[in-house]
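As a basis for the values below, the full set of heavy atoms in this structure was taken, side chains included, without hydrogen atoms, waters or symmetry mates. Throughout, protein chains are lettered first and strands after them, A, B, ... in sequence-line order, and every chain is numbered starting at 1.
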Protein chains: 2
Amino acid sequence: MANRKQNSTYSRNEKCITGCDLTYAIYMLGGRWKLLILDKLAERKMRYSELKKEFSYITERMLTLQLKTMEQDGLIKRTVYAEVPPRVEYELTDAARELEPILSQLSDWGNKQRKIAQQETAVSSPM
Amino acid sequence: MANRKQNSTYSRNEKCITGCDLTYAIYMLGGRWKLLILDKLAERKMRYSELKKEFSYITERMLTLQLKTMEQDGLIKRTVYAEVPPRVEYELTDAARELEPILSQLSDWGNKQRKIAQQETAVSSPM
DNA sequence: CGGGATCCAATTTGATACTG
DNA sequence: CAGTATCAAATTGGATCCCG
């Protein structure tokens with residue numbers, strides 16, 4: 001049930017999803033906020049209200065949606081405590097933990113590319 | 001000029017783009033077909049018609065668009081030969097080559113997760 | 001507290017036809 | 001050969017209000 005494209009019209013793309021593990025992976029990470037959330041949860045387990053405060057610029061709806069798909073994709077674990085008031089905690093799964101070193105490298109790469117892109121802008125702007 | 005979100009309305013998200021190298025990287029790779037193209041071009045330099053044949057399921061418009069943004073993002077290099085008939089070749093840049101080992105790991109991770117997801121589906125279906 | 005539901009805007013992707 | 005242009009559909013993101 002981790003397939004997000006089940007009732008989609010992109011039937012042709014199923015070849016792609018099915019055939020390309022890389023695309024599969026990127027689709028799990030490609031949401032606008034998922035990586036930020038992943039990064040935050042890597043530090044420590046957090047409850048919903050903490051995440052909400054942390055990402056005050058994300059609407060609640062999007063936060064909820066992203067958390068839900070990440071849970072479905074097996075990236076995070078959601079624990080509900082039967083208390084009053086209710087408490088819900090989110091933490092990374094082992095799968096997400098395995099991802100950390102890879103994402104770290106990707107982050108370094110992104111940093112490098114960003115600097116290059118900025119340099120080029122700085123050089124071409126004075127013209 | 002490698003910033004794809006220049007006239008976007010996601011002004012708040014600029015904090016995110018600016019602050020998160022990881023998100024920056026994922027944005028460069030997040031298109032529907034970019035990774036497939038990257039994978040193919042990793043093998044060898046290819047011309048437009050070859051790519052078109054290779055990805056017969058991608059419309060020409062999307063192929064062109066993705067190639068263009070990938071070129072702007074410094075992932076691929078586009079070379080036009082002033083011949084008749086015209087010839088255009090696409091190849092990976094050094095930046096993209098540096099990405100290869102990282103993407104390889106990510107691909108392995110994706111493969112693993114996909115198998116797990118399929119197992120779970122297989123187990124829960126008989127119910 | 002931790003969301004869900006509804007409605008709408010922005011973005012991405014696609015089909016088809018056309019061009020230097 | 002290597003693309004553009006136009007129009008339409010699908011997907012994603014956001015604002016606001018509501019609920020147990």
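At the phosphate of D:dG13, OP1 or OP2 sits under 4.0 Å from a side-chain N or O atom of A:Q66. Taking side-chain N and O atoms only, B:S49 has a distance below 4.0 Å to OP1 or OP2 of D:dA2.
Taken residue by residue, residues 82-93 of chain A places heavy atoms nearer than 4.0 Å to DNA chain C at A:P85, A:P86, A:R87, A:V88, A:Y90.
One can place NZ of A:K68 at 14 Å from P of D:dT12, the figure rounded to the nearest angstrom. Summarising the geometry, the separation between OH on B:Y48 and P on D:dC1 is reported as 11 Å, rounded to the nearest angstrom. Between B:W33 atom CH2 and C:dT13 atom P the separation is 9 Å, expressed in whole Å. The interatomic distance linking A:R61 (CZ) with C:dA10 (C1') rounds to 13 Å, in whole Å. Here C:dG3 presents its P atom at 13 Å from OH of A:Y81, a figure rounded to the nearest Å. Straight-line distance from the CG atom of A:L65 to the C1' atom of C:dG2: 14 Å, rounded to whole Å. The interatomic distance linking A:F55 (CZ) with D:dG13 (C1') rounds to 17 Å, in whole Å. The separation between A:K52 atom NZ and C:dC1 atom P is 7 Å, rounded to whole Å.
There is a side-chain donor-acceptor pair under 3.5 Å between A:Y27 and B:R32. There is no side-chain donor-acceptor pair under 3.5 Å between B:Q113 and A:Y24.
One N or O on the side chain of B:T93 and one on the backbone of B:G74 form a donor-acceptor pair closer than 3.5 Å.
By the 4.0 Å N-to-carboxylate-O rule, B:K68 lies too far from B:E71 to be salt-bridged with it. With salt bridges taken as basic N to acidic carboxylate O contacts below 4.0 Å, one links B:R44 and B:E50. Here B:E89 does not pair with B:R47 in a salt bridge; the nearest charged N to carboxylate O distance is not below 4.0 Å.
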